[in-house]
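For reference, the structure discussed in these notes is given below.
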Amino acid sequence: QVDLVESGGGSVQAGGSLRLSCAASAHFYNDISGYCMGWFRQAPGKQREGVAGIDSDGRTTYTDSAKGRFNISREPAKNTLYLQMTSLKPEDTGMYYCAAAWGRHRVETPLGEDEYNYWGEGTQVTVSS
């Protein structure tokens with residue numbers, strides 16, 4: 001069992017920044033650096049999409065719209081995953097979810113939600129123009 005708790009969402013104006021955090025806790029082997037983790041978002045009326053992923057080697061993957069603006073990172077000492085978002089746009093609005101592919105060092109499609117077996121409840125991000 002892995003618990004993921006997101007925080008850091010909020011309302012910002014276009015061009016602003018937010019840093020999302022995801023605190024992970026597991027009943028065994030509590031070390032996020034050993035597994036793949038990702039951030040997903042779901043805009044109103046749309047399907048959930050992958051935003052960024054990171055594997056156990058630290059390799060990162062971003063959706064095209066996030067490249068150059070978002071940065072995924074982790075802090076193993078705090079067992080926390082981050083998503084630094086800059087130059088936010090109204091189209092970035094949505095519920096952001098943290099996900100973990102617990103037990104897997106890397107996955108075929110880091111932005112594919114089927115790769116992940118644990119999910120947080122989400123944190124809302126709203127970007128106004």
Side-chain angles (χ1 to χ4, degrees):
Q1 179 65 37
V2 177
D3 295 319
L4 303 173
V5 180
E6 303 94 335
S7 61
S11 296
V12 296
Q13 290 193 322
S17 300
L18 282 173
R19 188 178 78 158
L20 306 184
S21 300
C22 172
S25 62
H27 289 194
F28 60 93
Y29 199 61
N30 200 30
D31 181 1
I32 65 168
S33 63
Y35 303 116
C36 289
M37 298 194 72
W39 285 99
F40 290 74
R41 68 184 173 199
Q42 187 167 22
K46 294 188 177 181
Q47 287 190 323
R48 189 158 56 185
E49 63 170 344
V51 175
I54 185 168
D55 69 15
S56 62
D57 293 325
R59 287 177 295 200
T60 57
T61 303
Y62 297 92
T63 191
D64 286 345
S65 65
K67 290 177 182 176
R69 299 188 301 125
F70 293 5
N71 184 66
I72 186 172
S73 63
R74 59 192 173 207
E75 189 172 355
K78 294 185 177 180
N79 235 31
T80 300
L81 180 75
Y82 300 103
L83 183 68
Q84 178 68 51
M85 304 187 293
T86 62
S87 302
L88 283 162
K89 304 175 181 179
E91 50 264 44
D92 294 318
T93 293
M95 185 70 78
Y96 281 70
Y97 299 91
C98 170
W102 214 255
R104 301 178 67 185
H105 300 294
R106 60 187 59 85
V107 296
E108 278 290 317
T109 53
L111 302 183
E113 59 179 296
D114 290 343
E115 300 277 19
Y116 297 86
N117 50 359
Y118 289 99
W119 294 82
E121 294 293 317
T123 185
Q124 178 67 36
V125 172
T126 302
V127 185
S128 57
S129 56

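Residues take their numbers from the sequence shown, with the count starting at 1.
- Cluster membership check: Tyr35 shares its hydrophobic cluster with Val51, using side-chain heavy-atom separations under 4.5 Å among Ile, Leu, Val, Met, Phe, Trp and Tyr.
- Put simply, Tyr82 and Leu18 are part of two different groups of oily side chains (I, L, V, M, F, W, Y) that touch within less than 4.5 Å, one to the next.
- No donor-acceptor pair under 3.5 Å is formed between the side chain of Gln124 and the backbone N or O of Gly9.
- For the pair Thr61 (side chain) and Ala52 (backbone), a donor-acceptor distance under 3.5 Å is absent.
- Listed here is the closest heavy atom pair of Arg69 and Leu88: NH1-CA, 3.9 Å.
- Put simply, the side chain of Asp55 reaches to within 4.5 Å of the side chain of Cys36, judged on heavy atoms.
- Here the two rings, on Phe70 and Trp39, have centers that are 6.0 Å apart or farther.
- Atom NZ in Lys89 sits 7.5 Å away from atom OG in Ser65 (nearest 0.5 Å).
- When all heavy atoms are compared, the tightest approach of Ser128 to Pro90 is C-CG, 4.4 Å.
- Between the side chain of Asn79 and the main chain of Ala24, a donor-acceptor pair closer than 3.5 Å is present.
- The distance from the CH2 atom of Trp102 to the CE atom of Met37 is 6.0 Å, given to the nearest 0.5 Å.
- The shortest heavy-atom contact between Tyr116 and Gly53 is OH-CA, 4.4 Å.
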request  = Tell me, with the steps shown, if Met85 and Val12 meet side-chain contact (heavy atoms from CB on, under 4.5 Å).
outcome  = CA-CA 11 Å; Met85 304 187 293; Val12 296; over 6 Å; no
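- Side-chain contact between Gln84 and Ser17 is present, with heavy atoms from C-beta onward closer than 4.5 Å.
- Exactly one residue among Arg106, Arg59, Arg74 makes a side chain to side chain contact (heavy atoms under 4.5 Å, CB included) with Ile54. That residue is Arg74.
- The distance from atom NZ of Lys67 to atom OG1 of Thr60, rounded to the nearest 0.5 Å, is 10.0 Å.
- Note on Phe40 and Leu81: separate hydrophobic clusters, where clusters join Ile, Leu, Val, Met, Phe, Trp and Tyr whose side-chain heavy atoms are under 4.5 Å apart, directly or indirectly.
- More than 12 heavy atoms of other residues, nucleotides or ligands sit less than 6.0 Å from atom CD of Glu75.
- Minimum interatomic distance between Ser56 and Gly34 (heavy atoms only, all atoms of both residues): CB-O, 3.5 Å.
- In plain terms, the two heavy atoms of Ala100 and Asn117 that are nearest each other are O-OD1, 2.7 Å.
- In terms of the side chain to side chain donor-acceptor pair (under 3.5 Å) criterion, Glu6 has no residue partners (sequence neighbours excluded).
- A chain of hydrophobic side-chain contacts below 4.5 Å, direct or via other Ile, Leu, Val, Met, Phe, Trp or Tyr residues, connects Tyr118 to Ile72.
- Within the structure, salt bridge (Lys or Arg N to Asp or Glu O under 4.0 Å) contacts touching residues 34-46 (residues at least two apart or in different chains) are Arg41-Glu49, Arg41-Asp92.
- Annotation: the span from Met95 atom CE to Thr126 atom OG1 amounts to 9.0 Å, rounded to 0.5 Å.
- In this view, Cys98 and Cys22 satisfy the disulfide bond (SG atoms under 2.5 Å apart) rule, not counting sequence neighbours.
- For the atom pair Ile32 CD1 and Ser25 OG, the distance stands at 11.5 Å (nearest 0.5 Å).
- Summarising the geometry of Leu111 relative to Tyr62, their closest heavy-atom pair is CD1-C, 3.7 Å, with the distance given to 0.1 Å.
- Criterion: ILVMFWY side-chain heavy atoms under 4.5 Å apart, direct or through other members. Under it, Val127 and Leu20 are part of a common hydrophobic cluster.
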